[in-house]
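Below is a structure I'd like to ask you about.
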Amino acid sequence: MPPPSPSTSLFLFHRFVRTDPKTTSDIPFQGPVLTSQDKQAVGFEEKQDEADSIVRDLVLAADLKGLPLFSSLFLGGGSRYTCIHTVDKDLILIASDFPGDNSLEVILIYNAIDRSLRMIPTMPRTYPSISSAIVLVARQDDEDSSYTLVYPGTDAEGDAVLYMWPSSSKSPWSTVKKTHFCMPWRRFRAGEVFSFRGRGYWVDLLVGIMYCDCGDLISDVIDRVDIRTLDLPVECPVDIESQKRVFRAIGPVGDSIKFVDIDYYRDRQNCMVRVWRLLADMTWALEYELRFQSLLAGGEFKGDAVPDFMKPMYPFLSPHEDHVIYFAVGTYDILSTPFSMLRVDLCSKTFNRTKLFSPMAHYSLGVHVPLYTNTEGKLLGLTA
């Protein structure tokens, strides 16, 4: 599949999903209906018949709007408490409540390849073995259509375990494997969770990374999963005590994983945007250093110059654009308020600036979900 065109295929989605519990047919905008008739509920035991009836009536649609506007998903027949949980390649996972029963939480799994929709109970209610509210979508190979959902929790004895749901199973979260999280850091909160090239990653952008082999998760023979740790690039300070705000991003790009850090983001004169690539030996190599001043009037990079009063924030990566990074520019007060989105080509030393028009831009960009459409117009995920 050729890389998508950023000007026509990249969309920034609100994480919150628009819903209307009363309608399962009328879509409140002119947008594509994503779901087919292939809908199934799995693992609801005594509520299975009710769950089957509910999922058959759900309609998922996309209100696609190119920048500077924000796109959104709509779930007809869904609960009002609904949001995008995570995205992984051809899957969009949506967290919601069981319609009519707010005490029962569910995960909706939309597959963009076959347009199917699955509904399963949410993760087990256990004390988490690491702080993370995000499910890992594990694949032994990036091209695998099968996958396993993984959630770190604890068993009845308080030992760390991984609860899993293989996509072929009719019993969500019934597979359990022992593990141990040996953390060199005093705290760890995984805000970024994804799999790539046969490994699953839990990332705290402030302190470090934990990872494991997806083959160990999927294996029917291995009953204990080895979790390893990886430090952030040495140039990135690990500041646990001050809990200062950082603008960082991580994700698969091309054939490797990249990490972005915006350093000295309040100081335009000294601000640097750095990009590292994770090598095969699990070490970081600095790939690009971008002085923010080079994007201002008279700077080295060519494009619609960034006004002097704006500063960088909210970076993210596209897996199909190896030498490109995206980030917003705006102002800092009590809140960071972005006014424009930049697409910077670090190879050609050019950039595009798109003005954002959203009354909640300061909030939306903080929890934005980048998605793109492929050549067939199907909505797919970028990163977790």
Side-chain angles (χ1 to χ4, degrees), residues 40-48 51 81 83 85-86 88 91 93-98 101-109 118-140 144 146-196 198-204 206-230 240 384:
Q40 185 180 6
V42 178
F44 287 91
E45 299 178 346
E46 70 275 4
K47 284 183 172 285
Q48 187 61 51
Y81 303 107
C83 66
H85 179 85
T86 189
D88 183 89
L91 300 179
L93 275 63
I94 299 171
S96 187
D97 293 333
F98 194 84
D101 185 354
N102 293 342
S103 66
L104 179 58
E105 297 176 350
V106 301
I107 294 177
L108 300 169
I109 306 168
R118 299 289 180 268
M119 183 171 73
I120 65 171
T122 194
M123 305 85 75
R125 295 181 181 273
T126 72
Y127 187 81
S129 47
I130 61 171
S131 180
S132 177
I134 304 173
V135 166
L136 170 68
V137 182
R139 304 175 196 253
Q140 194 160 7
D144 284 350
S146 60
Y147 57 89
T148 297
L149 302 186
V150 182
Y151 181 71
T154 51
D155 60 15
E157 287 73 38
D159 296 326
V161 297
L162 297 172
Y163 291 94
M164 295 183 290
W165 178 58
S167 55
S168 59
S169 173
K170 299 296 183 181
S171 302
W173 314 115
S174 60
T175 303
V176 183
K177 292 191 176 185
K178 293 280 189 179
T179 189
H180 177 65
F181 292 93
C182 182
M183 288 185 286
W185 313 289
R186 290 180 57 186
R187 46 79 83 194
F188 183 88
R189 295 173 184 156
E192 308 289 333
V193 180
F194 60 92
S195 67
F196 180 70
R199 282 177 171 159
Y201 295 86
W202 292 268
V203 183
D204 184 326
L206 196 63
V207 298
I209 299 169
M210 294 187 182
Y211 67 97
C212 69
D213 291 331
C214 291
D216 293 348
L217 297 170
I218 297 170
S219 171
D220 293 329
V221 178
I222 297 174
D223 59 4
R224 186 178 183 88
V225 178
D226 180 30
I227 305 290
R228 286 152 282 176
T229 61
L230 175 67
I240 300 175

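No hydrogens, no waters, no symmetry mates; every other heavy atom, side chains included, goes into these values.
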Taking the six-membered ring for Trp and the single ring otherwise, decide whether the centroids of Phe44 and Phe98 are under 6.0 Å apart.
yes
Give the intermediate values and the outcome of side-chain contact (heavy atoms from CB on, under 4.5 Å) for residues Leu217 and Val225.
CA-CA 7 Å; Leu217 297 170; Val225 178; 3.9 Å; yes
Under 3.5 Å: donor-acceptor pair, side chain of Glu192, backbone of Tyr201:
no
If you take all heavy atoms of Val42 and Ser169, which pair is closest and at what distance?
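Here Val42 and Ser169 meet closest at CG1-O, 4.0 Å.
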What's the separation between atom NE2 in His180 and atom CD1 in Ile227, rounded to the nearest 0.5 Å?
10.5 Å
Would Lys177 and Asp223 satisfy salt bridge (Lys or Arg N to Asp or Glu O under 4.0 Å), going step by step from the backbone distance to the final call?
CA-CA 5 Å; Lys177 292 191 176 185; Asp223 59 4; over 6 Å; no
Side-chain contact, heavy-atom cut-off 4.5 Å: Phe181 with Phe188?
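Heavy-atom side-chain distance check fails, nothing below 4.5 Å.
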Looking at side-chain heavy atoms only, is the closest gap between Val135 and Val193 below 4.5 Å?
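Answer no - side chains too far apart.
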Applying ring pair (Phe, Tyr, Trp, His ring centres under 6.0 Å), name anything that partners Tyr151, two or more places apart in sequence or on another chain.
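With sequence neighbours excluded, Tyr151 shows a ring pair (Phe, Tyr, Trp, His ring centres under 6.0 Å) to no residue whatsoever.
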Without swapping roles, check the side chain of Trp173 against the backbone of Thr122 for a donor-acceptor pair under 3.5 Å.
yes
Which value, rounded to the nearest 0.5 Å, describes the distance between Ile209 atom CD1 and Arg199 atom CZ?
11.5 Å
May I ask you to decide if Thr154's main-chain N or O and Tyr163's side chain share a donor-acceptor pair within less than 3.5 Å?
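Yes, Tyr163 side chain to Thr154 backbone: donor-acceptor pair under 3.5 Å.
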Which atom of Trp165 lies closest to which atom of Pro172, heavy atoms considered
CD1-CA, 3.1 Å
By side-chain contact (heavy atoms from CB on, under 4.5 Å), which residues pair with Glu157, not counting sequence neighbours?
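Here the qualifying residues are Asp155, Asp159.
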Among Asp220, Thr175, Leu149, which residue meets the side-chain contact (heavy atoms from CB on, under 4.5 Å) test with Pro166?
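Only match with Pro166 under side-chain contact (heavy atoms from CB on, under 4.5 Å): Thr175.
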Tell me whether Ser195 contacts the main-chain N or O of Val137 through its side chain, where contact means a donor paired with an acceptor under 3.5 Å.
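Yes; at least one donor-acceptor contact below 3.5 Å.
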If you look at every heavy atom in Gly43 and Pro121, which pair is closest and at what distance?
O-CG, 3.4 Å
Do Ile94 and Met119 have side-chain heavy atoms sitting under 4.5 Å apart?
no
Does a side-chain N-to-carboxylate-O contact under 4.0 Å join Arg187 and Asp204?
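Yes, charged N to carboxylate O under 4.0 Å.
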In Å and rounded to the nearest 0.5 Å, what is the CG to CE distance from Leu136 to Met164?
10.5 Å
Pairwise distance CG(Asp144) to SG(Cys214) - rounded to 0.5 angstrom:
9.5 Å
Using atom types as modelled and distance alone, determine if a side-chain donor or acceptor of Arg118 lies under 3.5 Å from a backbone N or O of Ile109.
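Here the side-chain-to-backbone pair does not exist.
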Considering all heavy atoms of both residues, which atom of Ala138 and which atom of Val150 are nearest to each other, and what is their separation?
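That closest heavy-atom pairing would be CB-CG2, 4.1 Å.
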Measure the CD1-CE distance between Ile134 and Met123 for me, rounded to the nearest 0.5 Å.
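Rounded to the nearest 0.5 Å, the CD1-CE separation comes to 9.0 Å.
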Should we say atom NZ of Lys178 is surrounded by more than 12 heavy atoms from elsewhere, each under 6.0 Å from it?
yes
Working to the nearest 0.5 Å, report the span between CG of Leu162 and OG1 of Thr179.
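Reported to 0.5 Å precision, the distance equals 5.0 Å.
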